[in-house]
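Below is one structure, written out as structure tokens, with a few remarks after it.
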There are 2 protein chains.
Amino acid sequence: MNEHLESWREGAAKDAIRDFVARIGDETSSEFVPVDERVAVFDNDGTLWCEKPMPIQVGFILKRFAAMADQDPALRDRQPWQAAYTHDFDWLSQALVKHYNGDDSDLKVLLGGVQQAFGGMNVEKYASEVEEFLASAAHPTLKRPYRECTFQPMVELLRYLEDNGFSTYIASGGDRDFMRPAAVPLYGIPPDRVIGSSFGLQYVEDEHGSAVMYKAGLDVFDDGPEKPVRIWSRVGRRPVLAGGNANGDIPMLNFAGGPARPALRLIVLHDDAEREFDYVAGAERALERAGDQGWTVVSVKNDWTTVFA
Amino acid sequence: MNEHLESWREGAAKDAIRDFVARIGDETSSEFVPVDERVAVFDNDGTLWCEKPMPIQVGFILKRFAAMADQDPALRDRQPWQAAYTHDFDWLSQALVKHYNGDDSDLKVLLGGVQQAFGGMNVEKYASEVEEFLASAAHPTLKRPYRECTFQPMVELLRYLEDNGFSTYIASGGDRDFMRPAAVPLYGIPPDRVIGSSFGLQYVEDEHGSAVMYKAGLDVFDDGPEKPVRIWSRVGRRPVLAGGNANGDIPMLNFAGGPARPALRLIVLHDDAEREFDYVAGAERALERAGDQGWTVVSVKNDWTTVFA
């Protein structure tokens with residue numbers, strides 16, 4: 001069997017992965033897990049692909065805002081279109097900083113723009129816009145296509161797990177319908193195994209047929225304690241392996257395993273300023289939990305010989 | 001290849017199924033559908049198993065009410081426990097009749113009982129209660145175990161479709177977590193391919209671990225226009241084949257296919273008082289739509305040589 005972990009350096013993280021897969025696959029072990037119950041869930045942004053300097057979906061939204069402002073001059077002096085049109089990334093990052101400081105006024109302006117950009121669009125049209133974006137857009141600082149910003153070692157891990165009987169899922173705070181068209185080509189994960197945040201949807205019927213289209217507004221923000229709820233709702237099983245990189249992944253990692261099953265919990269630590277980025281902001285509690293409870297920390301710098309696919 | 005349709009009589013319905021599967025599987029046809037996109041969705045109550053004289057889940061709920069009243073005498077003169085404890089099916093059917101006539105007062109009493117019966121229970125415990133019920137409980141008039149109330153021709157259809165590259169899903173108004181433990185043994189459908197109504201869930205963590213458990217109250221009632229929304233949310237594809245039996249299935253059937261794909265739409269017509277039941281109440285508009293738009297009506301009496309598994 002191809003081991004699929006070629007981009008992982010020998011060390012504690014690679015050992016933990018191989019040992020866990022061997023243990024749960026050993027029918028003579030008390031930790032044996034039948035194939036049907038080998039469910040692995042992974043966060044996406046910062047776990048399967050790069051999330052700095054901004055989540056890839058923000059690039060998609062900004063491109064759409066800029067296109068709207070191209071077509072409609074009246075939008076060019078209104079936020080959030082103005083910021084996208086003039087490449088005023090300060091306004092955008094300040095909107096997020098304000099949010100972290102308890103002031104959601106600019107964040108609401110931003111989300112209002114998202115609703116105007118995508119509300120009333122049907123799901124197939126949205127998927128084709130995402131495909132088009134990922135076929136062409138590039139990362140602003142790494143100078144490579146976004147579609148080459150996936151973490152090669154994690155893609156190898158997905159294949160390794162599948163070869164060992166696992167069903168692999170994406171369970172991310174990111175927008176489910178943004179990730180789906182990417183998940184097939186980038187990760188080999190089909191759309192029914194993508195779980196994430198979702199915009200409200202409605203069914204509409206007219207004389208030409210029927211469609212499912214976006215309503216204005218978010219339906220579920222799939223982060224923190226919502227992650228295990230959504231995983232259960234979608235999968236109907238507790239995962240035995242979970243991978244994340246941020247505080248919002250703690251409940252998902254903690255939910256893995258359970259009374260009757262073992263678990264492997266992976267936290268990706270971004271500590272490689274040279275090849276990717278170096279940050280712990282937003283991951284402090286997850287890393288603390290990893291230290292306290294023996295979760296496996298995966299160091300980008302030390303555990304991966306190659307970072308990007 | 002085993003054709004798997006042994007319990008289907010030769011006729012229009014069987015022909016429509018075989019012809020559709022042949023057409024979408026023919027790579028030289030404009031109607032060819034790649035394997036990845038061969039999604040089939042089926043309602044459960046009245047489509048895959050018997051729904052008369054009451055949905056099987058109602059039997060489960062009544063059994064739980066009766067057990068609660070056994071343990072707590074104070075419940076025995078309070079509805080809905082009293083009706084369950086004294087086998088007062090009139091009260092229960094009147095609650096539903098009142099609902100159809102616009103008076104939800106008794107229905108609220110019934111749902112209040114459901115919340116008290118299952119609120120705070122974790123999902124694994126609920127699944128094991130369902131398994132126990134289906135292992136032992138019997139249909140009140142057909143005098144056979146509930147687990148033998150599945151429609152044999154429909155089980156054959158699931159296998160036939162899967163052999164031809166389809167992914168089969170249950171997309172029912174019934175409670176997802178009630179159907180899941182049944183779906184594996186009865187239909188060979190795994191829990192991640194069961195879509196349905198759902199009770200609210202929450203993640204809880206304590207020093208012994210973590211769980212997902214029911215909150216009081218329904219989260220989504222998965223019927224009518226909600227069905228296509230949930231199918232998209234869960235599957236991420238439009239189905240090409242949909243089977244139902246009631247008005248609440250119309251949007252799901254109508255959503256099948258779409259601009260770029262053909263569709264087969266099946267409506268099970270319950271017209272066999274001798275072997276099953278004979279009724280159209282609740283299916284009038286679906287049957288009318290079938291007549292207007294050439295949907296395939298499956299007559300229990302004429303199209304099935306055997307009804308039950």
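Here is how names work: the chains are called A, B, and so on, in the same order as the sequence lines, proteins then strands, and each is numbered from 1.
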Between [options], which residue shows the highest count of heavy-atom pairs closer than 4.5 Å to chain B?
options	answer
A:Val204, A:Val235, A:Leu201	A:Val235
A:Pro191, A:Gly236, A:Pro225, A:Ser233	A:Ser233
A:Pro228, A:Gly209, A:Gly258, A:Gly224	A:Pro228
A:Pro259, A:Gly257, A:Ser210	A:Ser210

Subject >> Partner chain A: residue of B:Glu226, B:Met213, B:Glu205 with the largest heavy-atom pair count (under 4.5 Å) >> reply: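 With the most close heavy-atom pairs to chain A, the winner is B:Glu205.
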
For [X], is it the side chain, the backbone, both or neither that has a heavy atom under 4.5 Å from a heavy atom of chain B?
X	value
A:Ala211	both
A:Ser167	neither
A:Arg237	side chain
A:Asp36	neither
A:Arg238	side chain

Which atoms of [X] approach chain A - backbone, side chain, both or neither, heavy atom under 4.5 Å:
X	answer
B:Gln202	backbone
B:Arg176	side chain
B:Asp219	neither

Subject >> Residues A:Glu124 and B:Arg261 bridged, charged N to O under 4.0 Å >> reply: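 Result for this pair is no, no salt bridge flagged.
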
Subject >> Greater than 12 external heavy atoms within 6.0 Å of A:Glu132's CD >> reply: no

Original post:
Quick one: CZ on A:Arg180 to CH2 on B:Trp232, what's the gap to the nearest 0.5 Å?
Top reply: 6.0 Å

Subject >> Contact summary for B:Val212 and A:Val229, nearest pair of heavy atoms >> reply: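 The answer is CG2-N, 4.3 Å.
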
